[in-house]
Visitor: 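Supplied in structure tokens, the structure appears directly below.
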Amino acid sequence: MDALTSLRPADTAFRDDVLAGLAAPIPAIPARWLYDHRGSELFEEITRLPEYYPTRTETDLLERYAGEIAASVGTGEAVVEFGSGSSAKTPILLRAVAPGAYVPIDISGEFLRESAETLQALFPGLPILPVEADFMRRIALPEAVAKLAKLGFFPGSTIGNLVARTAVDLLRAMKETLGEGSRLVIGMDRIKPVETLIAAYDDNAGVTAAFNLNLLHRINAELDGDIPVDAFRHRAVWNDEMSRIEMHLEAVREVAFSVAGRRFRFARGATIHTENSHKYGHRDSRLMLRAAGWGVVKEWTDEKQWFSVILAEAEPPRFAP
Ligand code: AVI
């Protein structure tokens, strides 16, 4: 099989999710649809906002502790990144662990190719083997890395965008992809004062609002919709029970519209739930990793304990209680 495995989602997936989500008793659209070209640009902008602490804090942690990560894992491993690795974080890890190969996995071939080119320019001698695939499932890694030890990399607390059951499924799939004895460097966002969380997801410049509302523009453009976007506003809400920030689009007046030939009506104040971003206590993250077969080797956090970078190790099957 070619290293660039093509796995295209069904063309109707966006339409099906939107139609089912808008008609649901609690309207909700999966967060992955926030990331069209414009949505990805807006997310990049979010990561540079003063209020959005996760990117800055995690990058600082990696800069500070990449040496310690390298001391724990050694050099010459295959670094397998779940995501296309376009961020500033990837070079920090690669520089420290001097890998034998770098395997970025992403569902978007376009982002993969772009970031692989950027990274190749920074690391000219490094074999870069992109895999276009959905990393929610077990993936066959390129033959060229079969004999190398594997170090997974999943930064950004992207795991937090999944509910616990799906997050554990993903962590288990990662373990199957990487194999016994592999390690994983994962970023996980911590519970912190609600004002800090709300500010990070409802910034003064309105970039997160534009990111959320862009979903409606995308629906209009791609699904023949006529949603009056100005009839909705962005809301970021802390759900303490579920330990997560939720993004919603709230109707500011009664509104009716059609999407792909179907009619919808929203009362004033009704919302469409568009994203969850879970935040973890110290023990929560460990429990979730353990539930998927990963033992924590080491954890690094900042002075305020706002974000954690965790080095985990695939645990062998065991039968003890
Ligand atoms: C991609 N993900 C980790 C971001 C987060 O913080 O949950 C997405 C995001 N949504 C709004 N701001 C950032």
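Note that ligands are numbered from 1 as they come in the structure, with each ligand's atoms numbered from 1 the same way.
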Visitor: List the atom of Leu129, the atom of Pro104, and the distance in Å for their closest heavy-atom pair.
Guide: O-CD, 3.8 Å

Visitor: Determine, step by step, whether Arg286 and Glu299 satisfy the salt bridge (charged side-chain N to carboxylate O under 4.0 Å, His left out) criterion, reporting the C-alpha distance in whole Å, the side-chain angles of both residues, the deciding distance to 0.1 Å, and the verdict.
Guide: CA-CA 10 Å; Arg286 286 164 182 252; Glu299 176 168 2; 3.0 Å; yes

Visitor: With the threshold set at 4.0 Å, does a side-chain nitrogen-carboxylate oxygen contact exist between Glu222 and Arg15?
Guide: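 Answer for the salt bridge query: no.
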
Visitor: What are the polar N/O contacts of ligand 1 with the protein below 3.5 Å, with distances?
Guide:
residue  : atom   : partner : partner atom : Å
ligand 1 : 2 (N)  : Asn161  : OD1          : 2.9
ligand 1 : 6 (O)  : Tyr52   : OH           : 2.5
ligand 1 : 6 (O)  : Tyr201  : OH           : 2.5
ligand 1 : 7 (O)  : Asn161  : ND2          : 2.9
ligand 1 : 7 (O)  : Ser277  : OG           : 2.6
ligand 1 : 10 (N) : Glu275  : OE1          : 2.7
ligand 1 : 10 (N) : Glu275  : OE2          : 3.3

Visitor: Trp33 vs Phe14 aromatic rings, parallel, tilted or perpendicular, using cut-offs 30° and 60°?
Guide: tilted

Visitor: Output, in order, the C-alpha distance, side-chain angles, deciding distance and verdict of salt bridge (charged side-chain N to carboxylate O under 4.0 Å, His left out) for Arg290 and Glu313.
Guide: CA-CA 10 Å; Arg290 273 208 308 280; Glu313 190 169 40; over 6 Å; no

Visitor: Is the ring pair Tyr35/Phe43 parallel, tilted or perpendicular, if the boundaries are 30 and 60 degrees?
Guide: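 Ring orientation, 0 to 90° scale: perpendicular.
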
